[in-house]
Amino acid sequence: MSEKIKVTLPDGSVREYAVGSSSMDVALSISEGLARNVLVAKVNGEIWDAGRVLPTMCTLQLFTWNDAEGKATFWHSSAHLMAEAIESLYPGTKFGIGPPIDNGFYYDVDFVDQRISSEDFDILENKMKELAAQNNAYERSEVSKADAIKYFTEKQDPYKLELIVGLNDGEITFYQQGNFVDLCRGPHIPDTGKIKAIKLLTVAGAYWRGNEKNKQLTRIYGITFPKQKELTEYLEFLEEAKKRDHRKLGKELELFMFSEKVGGGLPIWLPKGTMVRERLEKFMRTLQTERGYQQVITPHIGRIELYKTSGHYDKYGADSFQAIKTPNEGEEYFLKPMNCPHHCEIYKSKPRSYKDLPLRLAEFGTVYRYEQSGELNGLTRVRGFTQDDAHLFCTAEQIKEEFIKVIDLVIHVFKRLGFENYTAQISLRDPENKSKYIGSDENWAKAESAIIEATAERDMKTETVLGEAAFYGPKLDFMVKDAIGRSWQLGTIQVDYNLPERFELEYIGKDNLKHRPVMIHRAPFGSMERFIAILIEHCSGNFPLWLSPEQFIILPVSEKYHEYAQNVLSFLNNNDIRGLVDERSEKVGKKIRDAEVSKVPFMLIVGEKEAAEQSISVRKHGAGDLGTLSLEAFTDYFNKALAE
RNA sequence: GCCGAUGUAGCUCAGGGGUAGAGCGUUUCCUUGGUAAGGAAGAGGUCAUGGGUUCAAUUCCCAUCAUUGGCUCCA
């Protein structure tokens, strides 16, 4: 009988170790540095504690902080550490769940009759640091269901007991570090000593098991790192995000506003914001016209019957803005929550032939949805917003090609706006819960395969998620990464076999018989409001030159040069360059500062010298003095910058 | 919608049971200037709204509205 176990490493090599060896022993045999950094392992495809004894034959992969698995485990263990600190400071606290998340971890706890706020974070953080420094090992133990129930009954923790009830005997494990024992599947990092930098971030309410009928627990979010430096960097990232917040910049740059009197979630576009938005709309309109879309305009309200036909009334009517009544008995109108029903009526306005298809109807359509009050957020979640909407009516055979064309359009738009980093999410139906959706199995299958094939053909990075489809069809959502690495969901393309059915849309085919068209909904920006919010944060308020509300500002050195400044202004305006003159009686230094703060791309300084030689002194935002140029030379320079 | 926080001048914020303060901005005057803040004087607030407690409420209590951190939701 061999006294050795066989371990296959990711590079395919097989090594032998003594029986009873752990992943940590394997790491140590490779290098001491690796052993120091190893946080967790994957053994035969299952994620394991690095200290756990390996089976006689296994494949092994080791994870450190540089791996997603390593980070998740690190944060999961940090959640336990926080729980230990909470238990020691607030005895009697009941614990819910404490998982890792994308950036850190949280723990849902029930403080019973105590209250905790972010003011208590210091003391809690310090306790965590103290416990971390004890270097306690995270120890795994297998526990019978009966013992597990006994333990948490004595501890009087109803949440853990509820979790245990749902587990199978023989599959229950506890983890202990220091004096804290938790029900947990694991795995965990070797010891608390690895957690060097700790920051608690926010406290919030969260329902037990995400169900609003359950008790609301206190959720504490935190983040930890193996090095202090990484925490510092992360906190700087949070600061940067705060600086870019579109709500802050929108106010400072006078792009948009909200008014309590107008109503929550109803954005009001100020002149500068309107300039940005109109330019974006024009940009999109031009692209669409080139691609065979036809622009339409439909009313903001429609008779209730329209939405009964579309199905939106049954699905959302009760939770929407309520019907608008007229002096006529029984006559009711709805604020439109979607543009598609109107577009279906345009389709129906005359008989259609297969020769008319695809019919592409586009509209910057403003829609109104009564979002829950707690959901409203800046421009990203509002109650009235404008979609860059279009509906493509086509034959089943045309779906894939149309889909590909839309993908190409969306990618073109993203690139033009500086979003180089994007992926797509394919949202399919949840096969376990078909009752949530309308439409036949056959149609769903067709639509889903069209999306999958189209994305494959364009070689897109995609992720497929079951259960995320709209109720009427599957969809493809684009996610972009912004300049500081955050992911946002933007444009969407959705196949819809349902509305053509409900509106009884038809076309006459080559065979002279009636057929049902398919509809594709698509919105590259999604909504103008949300898109501009994301764009503001992406570029930190420094819009690309072509979108900038003011492309330049002329700064006369003194009042004597106002007349020359006006001449420069009309010259540039005549060359399609937009801007204004700062005629305040301030020193140039002050005018420059104000222009820099308001992020105007070019400052054009004019004084005695410039007036005499018909030139301008050019200063670029964030870059400084570019020297003196003739008006023509600046126009050339500007137009080159515009094309970049 | 639910839990927590917040709401004071145009903006950012301090204050506090006896009807309010700073900085920036704005207005006027002086200054007419050269690449990130020249000087002086003034105006500006039913302290979110509605109730209640109190001799007295902007301050304490309740409700509403709005904003915000989360949860749930998202055509």
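Note that these values count all heavy atoms, side chains included, but never hydrogens, waters or copies made by symmetry. Chain A is the first sequence line, chain B the second, and so forth, proteins listed ahead of strands; every chain is numbered from 1.
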Checking all strands, does [X] fall into the base, sugar-phosphate, or nothing category for heavy-atom contacts under 4.0 angstrom?
X        : result
A:Tyr221 : sugar-phosphate
A:Gly265 : sugar-phosphate
A:Gly607 : base
A:Val557 : base
A:Gln387 : nothing
A:Ser320 : base
A:Ser585 : base
A:Arg219 : sugar-phosphate
A:Gly378 : sugar-phosphate
A:Leu376 : sugar-phosphate

Nearest-angstrom distance from the residue atom [atom1] of [X] to [atom2] of [N]:
X        : N     : atom1 : atom2 : value
A:Tyr437 : B:A75 : OH    : C1'   : 14 Å
A:Glu468 : B:A75 : CD    : C1'   : 14 Å
A:Glu586 : B:G38 : CD    : C1'   : 8 Å
A:Leu201 : B:U68 : CG    : P     : 20 Å
A:Glu608 : B:G33 : CD    : P     : 9 Å
A:Tyr564 : B:U32 : OH    : P     : 23 Å
A:Arg383 : B:C73 : CZ    : P     : 18 Å
A:Leu604 : B:G34 : CG    : C1'   : 14 Å

Roughly how far apart, to the nearest Å, are [N] and [M] at atom [atom1]?
N     : M     : atom1 : result
B:G52 : B:A40 : C1'   : 48 Å
B:U54 : B:C62 : C1'   : 16 Å
B:U53 : B:G21 : P     : 30 Å
B:G10 : B:C3  : C1'   : 33 Å
B:A56 : B:G16 : C1'   : 15 Å
B:G42 : B:A22 : P     : 12 Å
B:U59 : B:U67 : P     : 22 Å
B:A41 : B:C24 : P     : 13 Å

*Check ion pair A:Glu363-A:Lys336 (N to O, under 4.0 angstrom)*: yes

*Is it true that the side chains of A:Glu162 and A:Trp208 contain a donor and an acceptor less than 3.5 Å apart?*
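The answer is yes; a qualifying pair exists.
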
*asked:* Whether the A:Asp389 and A:His521 side chains hold a donor-acceptor pair (N or O, under 3.5 Å, no angle test) is what I'd like checked.
replied: no

*asked:* Output one letter per nucleotide in nucleotides 2-13 of chain B: B when a protein non-hydrogen atom lies under 4.0 Å from the base, S when only the sugar-phosphate is that close, - when neither is.
replied: BBSS-----SS-

Can [X] be said to sit on top of [Y]'s aromatic six-ring, NZ or CZ under 6.0 Å from centre and within 45° of the ring axis?
X        : Y        : answer
A:Lys308 : A:Tyr313 : yes
A:Arg303 : A:Tyr333 : no
A:Arg369 : A:Tyr316 : no

N or O in side chain of [X] less than 4.0 angstrom from [N] OP1/OP2:
X        : N     : result
A:Asn377 : B:G69 : yes
A:Arg247 : B:G69 : yes
A:Lys590 : B:G34 : no

*Under-3.5 Å donor-acceptor pair between A:Arg381 side chain and B:C73 base*: yes

_Determine whether a donor-acceptor pair (one donor, one acceptor, N or O, separation below 3.5 Å) exists between the side chain of A:Glu371 and the base of B:G1._
no

*Closest-nucleotide 5' rank along RNA chain B - winner of A:Val588 and A:Arg593*: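 It is A:Val588 whose nearest nucleotide is closer to the 5' end.
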
_Need to verify one output field. Residue with the more 5' nearest nucleotide on RNA chain B, A:Gly264 or A:Gly622?_
A:Gly622

*Using the ring of each side chain (for Trp, its six-membered ring), is A:Tyr90 parallel, tilted or perpendicular to A:Phe111, with breaks at 30° and 60°?*
perpendicular

*Run the numbers on A:Phe531 and A:Phe525 for ring-ring contact (aromatic ring centres under 6.0 Å, His included), then give the verdict.*
CA-CA 6 Å; A:Phe531 183 79; A:Phe525 290 147; 4.2 Å; yes

[N] - base-pair partner by Watson-Crick or wobble geometry, distances under 3.5 Å:
N     : result
B:A63 : B:U49
B:U68 : B:G4
B:C29 : B:G39
B:A9  : none
B:G17 : none

_Quick check on A:Leu580: does its CG atom have over 12 non-hydrogen neighbours (other residues, nucleotides or ligands) under 6.0 Å away?_
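Result for CG/A:Leu580: enclosed.
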
*Choose from B:U32, B:G69, B:A36 the nucleotide whose nearest atom is closest to any side-chain atom of A:Lys560.*
B:U32

_Side chain of A:Lys587 (C-beta onward), nearest among B:U32, B:G33, B:G34_ =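 Nearest nucleotide to the side chain: B:G33.
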
_Tell me if the aromatic rings of A:Tyr422 and A:Phe478 count as close, with their centers under 6.0 Å from one another._
no

*Sequence neighbours left out, what pairs pass salt bridge (Lys or Arg N to Asp or Glu O under 4.0 Å) with at least one residue falling in residues 588-608 of chain A?*
A:Arg584-A:Asp594, A:Lys590-A:Asp594, A:Glu596-A:Arg619

